[in-house]
Protein chains: 2
Amino acid sequence: MAAKKQPPVRDRQITSRILISAVGSLLAKKGFKGLGVNAVAREAGVDKVLIYRYFDGLPGLIAAFAQQEDFWPSTLEMAGGDLARFSGLPLDEKLSMFAASFIQALKKRPLTRAIMAWEMIEPNELTEELERVREESIMTFFQMFFAKDHAGIDLQALVMLVGAALSYLVIRSDNIDVYGGLDLATDQGWERISSVVNMVIQRVIPQE
Amino acid sequence: MAAKKQPPVRDRQITSRILISAVGSLLAKKGFKGLGVNAVAREAGVDKVLIYRYFDGLPGLIAAFAQQEDFWPSTLEMAGGDLARFSGLPLDEKLSMFAASFIQALKKRPLTRAIMAWEMIEPNELTEELERVREESIMTFFQMFFAKDHAGIDLQALVMLVGAALSYLVIRSDNIDVYGGLDLATDQGWERISSVVNMVIQRVIPQE
DNA sequence: GACATATGTCACCTGTCGGTGATATAAGCA
DNA sequence: TGCTTATATCACCGACAGGTGACATATGTC
């Protein structure tokens, strides 16, 4: 990390990119707690004044960072990687697929988990961007595949309830191994969680 | 806030209490971000050195604070206020009662919500204490009322799934008004959430 | 070549942080 | 009364935070 004392780059674009990616690595390394002007500049091996010159301060830099990454799973990813196949599935299988994909998507995005935790504490440019993208993505996904009425079931509330539960559990798994007797640290534990989600789906969705 | 320049109390017990409660009000006012030695002392209107003398540092003070408050709803509260009545209910009504009580319990504990958010970021004395109490309380509650097997349903996983979802939604409601189309800011929105929880319970629990 | 500009470094400001040693003052006791 | 001890204040330290103005150096243009 942090550049040596080599001749400076003298290229605004490159330096900007270095700063932006420094936000990412610092966030991954220290969490949002270590995210300050000095720390970012140090991580980038660049003078902090450039953060003010190029991004008008840390918030601007964070906003720039927020537009660069795929924080949130795409519709395709939430559909399990095959939209055509997904759209042909019966409703209950759609939901099970979504739940499983959602878990995997969050599990492989430590940065997203960190930001999701962050946004519960203090809203800022980064979390707002994540919220915006997420709300948009979820609504699109939902309207695309779950739009129809289903026997008086509040499908949206159900999906979001499951999404909330899975979000919480995945985020918690970064800090604790056991939650109310549920093992969050092993694949077996997550198998158990998936099973109960699928069981709920099976019993709630009217079979066509 | 913070005491004026009145004659000091010169009573260790009283001063200790002042410090402990300063932790609470500071936490409620500024969140965990403003929680430092200097800030607490300032809030208490007392010299910070007393934090070291009486509590051996901030962690000790936080630990003392943690043992003073009812962070987590009691078994009684989760049972809706009447244990005898609760234990006579059929399983599905027990679960519905639990869910409703749980929402209310969290809604009236802003400090608990702040700490729950905090524990996703950085474990410390306070969050560890909360986790300990919670895990203990939940397991007691669970064994007391949901011990029996129920037609092959993983009741524990189900309860914790619902608990996780509700925890997440209540915590989020401090920062956002809408989550995936769900209104977290109004009673109607929470009615909708309660409804879908109850619907799930009704369809999942085998009627006796 | 000379010059303006973009790029980057450096030194320094104020404020706050966690932490500590010396000192004042009141309370308890002989 | 005089003495010890507990209680609390004060002054200060080094480290780091965010932020800014002055300066150095390379690039591109004429």
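In what follows, chains are A, B, ... by sequence order, proteins preceding strands, each numbered from 1.
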Asker: D:dA6 phosphate, OP1 or OP2: any side-chain N/O from B:Tyr54 under 4.0 angstrom?
Answerer: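 Indeed not, no polar side-chain atom of B:Tyr54 lies that close.
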Asker: Please check this pair: side chain of B:Asn38 against backbone of B:Gly36, looking for a donor-acceptor N/O pair closer than 3.5 Å.
Answerer: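 Looks like no, no N/O pair under 3.5 Å.
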Asker: Under 4.0 Å between a side-chain N or O of A:Thr15 and OP1 or OP2 of C:dG8?
Answerer: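 Yes.
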Asker: Atom CG of B:Asn38 and atom C1' of D:dC16: how far apart are they, to the nearest Å?
Answerer: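 Atom-to-atom, B:Asn38 to D:dC16, this comes out as 13 Å.
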Asker: Any non-hydrogen side-chain atom of A:Leu95 less than 4.5 Å from a side-chain atom of A:Val204?
Answerer: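 In short, these two side chains do not touch, never coming nearer than 4.5 Å.
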Asker: Let's see if you can work this out: which of C:dA22, C:dC10, C:dT20 has an atom nearest to the side-chain heavy atoms of B:Arg53?
Answerer: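 Closest nucleotide among those given: C:dA22.
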Asker: Compile the donor-acceptor pairs under 3.5 Å between side chains in residues 50-67 of chain A and protein atoms, sequence neighbours left out, one pair per line.
Answerer:
none

Asker: Would you mind reading off the distance between B:Arg42 atom CZ and D:dC10 atom P, rounded to a whole angstrom?
Answerer: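 Taking CZ of B:Arg42 and P of D:dC10, I get 15 Å after rounding.
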Asker: Please give, in whole Å, the distance from C:dG19 P to B:Ile51 CD1?
Answerer: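 Interatomic distance, CD1 of B:Ile51 to P of C:dG19: 10 Å.
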Asker: To the nearest Å, give me how far apart CG (B:Asp47) and P (C:dG21) are.
Answerer: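 Result: 15 Å.
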Asker: Is there a side-chain contact between B:Arg12 and the phosphate of D:dT5, meaning an N or O under 4.0 Å from OP1 or OP2?
Answerer: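 So the side-chain polar atoms of B:Arg12 never come under 4.0 Å of the phosphate oxygens OP1 or OP2 of D:dT5.
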Asker: Check if the side chain of B:Arg10 and the base of C:dT25 share a donor-acceptor pair of N or O atoms closer than 3.5 Å.
Answerer: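 Flag set: donor-acceptor pair detected.
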Asker: To the nearest Å, how far apart are A:Asn124 CG and D:dG18 C1'?
Answerer: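 After rounding, the reported distance stands at 17 Å.
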Asker: Run the ring pair (Phe, Tyr, Trp, His ring centres under 6.0 Å) check on B:Phe141 and B:Phe98 step by step: do they pass?
Answerer: CA-CA 10 Å; B:Phe141 182 69; B:Phe98 161 74; 5.5 Å; yes
Asker: Nearest whole angstrom, please: distance from the P of D:dA22 to the OH of A:Tyr52.
Answerer: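 Atom OH in A:Tyr52 sits about 17 Å away from atom P in D:dA22.
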Asker: Output the single nucleotide from D:dG21, D:dT9, C:dG19 whose closest atom is nearest the side chain of A:Val49.
Answerer: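 Of the candidates, D:dG21 comes closest.
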Asker: Could you state the CG-P distance from A:Leu58 to D:dG18, rounded to the nearest angstrom?
Answerer: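 Value for this atom pair: 7 Å.
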Asker: Map B:Gln13 and A:Pro59 onto DNA chain D by nearest heavy atom, then report which one ends up closer to the 5' terminus.
Answerer: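 Taking each residue's closest nucleotide, the earlier one in sequence belongs to B:Gln13.
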Asker: Rounded to the Å, how far apart are A:Leu50 CG and C:dC10 C1'?
Answerer: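 In whole Å, C:dC10 C1' lies 12 Å from A:Leu50 CG.
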Asker: State which residues pass ring-ring contact (aromatic ring centres under 6.0 Å, His included) with B:Tyr168; sequence neighbours excluded, sorted by chain then number.
Answerer: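 Only B:Tyr179 meet the ring-ring contact (aromatic ring centres under 6.0 Å, His included) criterion with B:Tyr168.
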